[in-house]
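Take a look at the structure below.
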Amino acid sequence: MKRILFIITLLALCTTGIHAATLEEKVVEHTMKNGMKLLLVERHTSPTVSAWIRFRVGSVDERSDERGIAHLLEHMLFKGTTTLGTRDYSAEKPLLDKIEEVALALTAEKVQRAKADPAKIASLEKQLATLEAEASKLVIKDEFFELYSKNGGTGYNAFTSRDGTTYLISLPSNKLELWAAIESDRLQNAVLREFYTERSVVMEERRRSYDADPESKLWETFLASSFLAHPYGQPTIGWMSDIENLTRSKAEHFFHSYYAPNNAVVAIVGDIDTRSTIALVERYFGTIKPGKNLPPVTAVEPKQSGERRIELIAEAEPTVMIGFHKPAIATPDDYVFDVISMILGSGRTSRFYKKLVIEKQIASDIGAFDAPGSRYPNLFVVSADPRAPHTVKEVEDAVQEELELLKTTPVAQRDLQRILNQIEYEEARRMGTNGGLARNLTEYEATTGSWRYMTEHRGRIASVTPADIQRVAAIYFTRENRSVGFITKKEGNK
């Protein structure tokens, strides 16, 4: 996924007059006293601006009793503040407090499982529903969205991953102060109203998009089996039992601890004046106190010492996922994996596609990517769909054949040059939108420690040799380092 994101990142500097060579000169860095990092780029091609806030807080940072909380908070932070999203917060707050009191009592009763009192649960559920219905009368739905929309805002959204949480918007450049006012208010005064209603929404999302979808279910199981100790193995949305036991109190504590300036990277790209924009951000965000520093993830995944195979029997077409543990982003061998990924899985000219899809016609689709995050050691994953009547085993054997070829036969210099030419082409087109550049500035600043990863990447790739590829393939593409997940169609299971 990291390599795919990087290629998207590379899509345009030339079209807007910014080249990779000059990006170093264009990006202005400013770190505020409270720790918030600003990355600003002036681009006066249109009177618009994109503003992205990336918090270095993802599902990898959750404790075992917090799983799913970062994703649920992503939903909750659209609900408003003490002044937005409410008709009368002074009347709403006592109701919210009572809702939490009842919800905590209900959660405490439910976790007793077989020993729980069904009558007490029913009574508490009825109280909770009554209180939530009363509180909902004071809610103004989607007021953030409406404010942005009425002022020309587009693309208002957020996403959570293992590595972080991002909030984004594009809007007319003369409305940047509106963004600063809304987002600083959200950071200081967020109200997690409708928490238990939204929790139910997330539970339904989990049922629909994960539990009921065989490929998603296989992916979750594949990752959980690949990471026995490291939290990269836990789903960002959380397991169902995790979501069921999340409370507003717990979410508020997590939010106030870590969603703070010292854990935030902000990129503002577009028709701005750098000096006045820094002053604007300082005025709105500068007085916000820093939160807690995120504790390091101390879990280290034990070295795998044997192949792991995961079978999912489902009413679905066969598919196969093959993963190998590998180092984190920006480490020496990770750059070699970037080259390997492009050789094997980058488009229709890649080895996988030519051999398995076009020549042998045993797969209908195949791809290679890094997952599930970048900050910590992750997986190199090959995902393929067998073409009927060919089997998972045939595809798996063909993939392994290509991996073995990397170990024994040096990659031709012309193939390495083709990759460099492809990167140069992509660099010539990269970041054609303000949002594309803002996304990648925040992404790489947060995951690698410096946005300059983007400008240094090509040089690192250029230094990769055929011997490096053979060495890395021999070290990592081994049976004992391999996990294989596959779907077996139910009706064929006799």
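These values consider heavy atoms only, across backbone and side chains, with no hydrogens, waters or symmetry-generated copies.
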F145 atom CZ, over 12 foreign heavy atoms within 6.0 Å: no
Can a salt bridge be assigned to the pair E205 and R199 using a cut-off of 4.0 Å between side-chain N and carboxylate O? no
How long is the span from the CG atom in L437 to the NZ atom in K26, to the nearest 0.5 Å? 11.5 Å
So, do S350 and M342 sit near enough that their side-chain heavy atoms are less than 4.5 Å apart? no
Tell me whether the rings of F254 and Y258 are parallel (<30°), tilted (30 to 60°) or perpendicular (>60°). perpendicular
When the ring planes of Y335 and H457 are compared, do they come out parallel, tilted or perpendicular, using 30° and 60° as the limits? tilted
R63, CZ atom: more than 12 neighbouring heavy atoms under 6.0 Å: no
Check this for me: K217, atom NZ, are more than 12 non-hydrogen atoms of other residues, nucleotides or ligands nearer than 6.0 Å? no
Indicate the ring-plane relationship of F55 and Y167, choosing parallel, tilted or perpendicular according to the 30° and 60° boundaries. perpendicular
What orientation do Y156 and F144 show, parallel under 30°, tilted 30 to 60°, or perpendicular over 60°? perpendicular
Lys/Arg N to Asp/Glu carboxylate O, R43 vs D271, below 4.0 Å: no
Give the minimum heavy-atom separation between P410 and Q470, together with the two atoms involved. CG-OE1, 3.6 Å
Nearest 0.5 Å, please: how far is CG in L416 from CG in D468? 9.5 Å
Taking the six-membered ring for Trp, are the ring centroids of F380 and F369 within less than 6.0 Å of each other? no
How far apart are the closest heavy atoms of L77 and R186, and which atoms are they? O-NH1, 2.6 Å
Which atoms form the tightest heavy-atom contact between R482 and Q304, and what is the distance? O-NE2, 2.9 Å
Salt bridge D397-K393, side-chain N to carboxylate O under 4.0 Å: yes
Lys/Arg-Asp/Glu bridge criterion (N-O < 4.0 Å) met for R54, E443: yes
Considering only NZ, NE, NH1 and NH2 on the basic side and carboxylate oxygens on the acidic side, decide whether E29 and K37 come within less than 4.0 Å. yes
How close do L39 and L441 get, heavy atom to heavy atom, and via which atoms? CD1-O, 3.7 Å
Specify whether F324 and F477 have parallel, tilted or perpendicular ring planes, treating 30° as the upper limit for parallel and 60° as the lower limit for perpendicular. perpendicular
